[in-house]
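Okay, so here's the structure we're looking at.
Not measured: the values here are computed from a predicted model. Start at 1 and go down the list; that is how both ligands and their atoms are numbered.
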Amino acid sequence: MKLVLLGPPASGKGTQAERLSKALRLPQISVGELLREEYHKGTKEGKAAEKYFDKGKLAPHALVMKIVKKRLAKKDCKKGFIFDGFPRELPQARALMKLARPDRVVYIKVPDSLLVKRMVSRTQCPKGHTYGIGHKPKKRGVCDVDGQKLSHRHDDTPDIMGHRVKIFHQKTEPVLRFFKKMGIVQTVSGTGTPDQIFKRIKL
Ligand code: AP5
Ligand code: MG
């Protein structure tokens with residue numbers, strides 16, 4: 001199964017991708033997390049990406065595709081994968097069609113008014129384990145999985161978030177229309193608890 005999860009920032013893509021990854025035993029691939037990892041490692045790619053995600057802009061096509069190709073070449077992607085937040089613009093969608101045509105696209109639809117609420121509540125550990133309104137850590141400020149300190153993401157500010165939402169409407173909605181024409185999009189309401197949303201996804 002080659003699955004793509006799309007939705008605006010803080011819509012719950014990562015939350016649902018993690019659950020789907022466990023249920024389907026497929027790797028979750030978040031380009032945002034991969035870029036943050038590169039940044040924390042201090043690589044050339046991470047440094048190049050920083051100026052984009054700190055402004056809420058999309059990272060350049062060549063950089064994103066380099067990272068995606070490298071990830072798809074790993075053994076665990078042989079049986080399929082779950083992309084969380086990729087492709088986000090038409091050139092990425094066209095490039096993915098050549099690399100590995102997706103079987104299904106799940107669009108998590110959340111009104112803009114709810115996104116900021118979710119974003120301000122979000123904390124993460126350096127490995128990307130995420131907490132928020134619907135999922136609180138057992139011990140405040142500490143990751144349940146690896147005991148690491150939780151912090152807010154640099155791009156989770158109202159200003160940058162506004163820009164990320166705008167980019168979603170401008171650049172990612174055309175990607176949804178592209179996949180809708182192929183008849184592979186399932187639109188799921190992203191309001192309610194993470195469990196309720198998970199149950200709505202039919203693959
Ligand atoms: P990325 O990291 O992908 O950020 P995003 O798309 O803005 O999405 P988020 O990770 O913010 O939200 P999410 O939908 O995963 O929600 P989550 O599950 O965390 O990308 C960051 C940046 O990297 C981009 O701006 C760009 O610069 C770059 N980038 C990434 N991909 C790229 C690409 N393809 N091309 C170019 N550049 C790219 O949930 C949010 C919060 O809400 C959490 O706290 C969670 O616990 C909580 N929550 C989740 N579900 C619920 C629920 N049902 N009820 C209540 N709370 C909930
Ligand atoms: Mg995410």
For this session: Starting from atom 25 (O) of ligand 1, find the nearest protein heavy-atom neighbour and note its residue, name and distance.
Result: R164 CG, 3.9 Å
Problem set entry | Side chain proximity check, E45 to K70, heavy atoms < 4.5 angstrom | no
Problem set entry | Distance from atom 15 (O) of ligand 1 to nearest protein heavy atom, with residue and atom | G14 N, 2.9 Å
For this session: For residues L20 and V106, determine if any side-chain heavy atom of one lies less than 4.5 Å from a side-chain heavy atom of the other.
Result: no
Problem set entry | Pair K47 + E50: basic N to acidic O under 4.0 Å | no
Problem set entry | Options M161, R153, H61, ranked by nearest heavy atom to atom 4 (O) of ligand 1, top entry | R153
Seminar exercise, completed: I108 and S11 have their tightest heavy-atom pair at CG2-O, 3.6 Å
Exercise. Which residue holds the protein heavy atom closest to atom 19 (O) of ligand 1, what is that atom called, and what is the gap in Å?
Worked result: R122 NH1, 2.7 Å
Exercise. Does ligand 1 have an atom under 4.0 Å from some heavy atom of R36?
Worked result: yes
Seminar exercise, completed: Note: I197 and G192 closest approach over all heavy atoms is CD1-O, 3.7 Å
Exercise. Which of the numbered atoms in ligand 1 are below 4.0 angstrom from a heavy atom of T130?
Worked result: 19 (O), 43 (C)
For this session: Check each atom of ligand 1 against the heavy atoms of K57 and keep those under 4.0 Å away; list them by number with element.
Result: 26 (C), 27 (O)
Exercise. What residue and heavy atom of the protein are closest to atom 29 (N) of ligand 1, and at what distance?
Worked result: L35 CD1, 3.8 Å
Exercise. N/O of K13 under 3.5 Å from N/O of ligand 1, yes or no?
Worked result: yes
For this session: Report yes if the side chains of P102 and M97 come closer than 4.5 Å at any heavy-atom pair, otherwise no.
Result: yes
Exercise. Can you find an N or O of G85 that's nearer than 3.5 Å to an N or O of ligand 1?
Worked result: yes
Exercise. Which heavy atom in I160 sits nearest to a heavy atom in H154, and how many Å separate them?
Worked result: CD1-O, 3.8 Å
Exercise. Looking only at N/O atoms, are A10 and ligand 1 under 3.5 Å apart anywhere?
Worked result: yes
Exercise. Would one find an N or O of S30, backbone or side chain, under 3.5 Å from an N or O of ligand 1?
Worked result: no
Exercise. Does the pair R118/D156 count as a salt bridge with the N-to-O cut at 4.0 Å?
Worked result: no
For this session: Would you mind running through ligand 1 and noting each atom that sits below 4.0 Å from a heavy atom of V64?
Result: 35 (N), 36 (C)
Exercise. T15 heavy atoms, cut-off 4.0 Å: which ligand 1 atoms fall inside?
Worked result: 17 (P), 18 (O), 39 (O), 45 (C), 49 (C)
Exercise. So between R88, H135, H152, whose heavy atom ends up nearest atom 1 (P) of ligand 1?
Worked result: R88
Problem set entry | Pairwise side-chain contact, Y131 with C125, heavy-atom cut-off 4.5 Å (strictly under) | no
Exercise. Counting each atom of ligand 1 from 1 as listed, which ones have a heavy atom of G132 under 4.0 Å away?
Worked result: 44 (O), 46 (O)
Exercise. Out of G7, G12, P9, G128, whose heavy atom sits nearest atom 16 (O) of ligand 1?
Worked result: G12
Exercise. Is it true that R153 and D54 have a side-chain N and a carboxylate O under 4.0 angstrom from each other?
Worked result: no
Exercise. When you measure from the side chain of Q92 to the backbone N and O of R88, does any donor-acceptor pair fall under 3.5 Å?
Worked result: yes
For this session: Provide the number and element of each atom of ligand 1 under 4.0 Å from a heavy atom of G192.
Result: 52 (C), 53 (N), 54 (N)
Problem set entry | V31 neighbourhood, listing ligand 1 atoms whose heavy-atom distance to it stays under 4.0 Å | 31 (N), 32 (C)
Problem set entry | ligand 1 to A59 polar contact by distance, N or O atoms, under 3.5 Å | yes
Exercise. Got an N/O contact under 3.5 Å between S11 and ligand 1?
Worked result: yes
For this session: State the atoms of ligand 1, each with its element, that fall below the 4.0 Å cut-off from a heavy-atom position in F53.
Result: 22 (C), 23 (O), 27 (O)
Exercise. Is there any N or O on Y52 that sits under 3.5 Å from an N or O of ligand 1?
Worked result: no
Exercise. Under a heavy-atom criterion of less than 4.0 Å, does P87 contact ligand 1?
Worked result: no
Problem set entry | Nearest atoms (heavy-atom pairs only) where L26 meets S21 | O-OG, 2.7 Å
Exercise. Got a second to check how far R36's CZ is from D155's CG, nearest 0.5 Å?
Worked result: 6.0 Å
Exercise. Parallel under 30°, tilted from 30 to 60°, perpendicular over 60°: which one fits the rings of Y107 and F168?
Worked result: parallel
Problem set entry | Distance from atom 48 (N) of ligand 1 to nearest protein heavy atom, with residue and atom | R118 CD, 4.1 Å
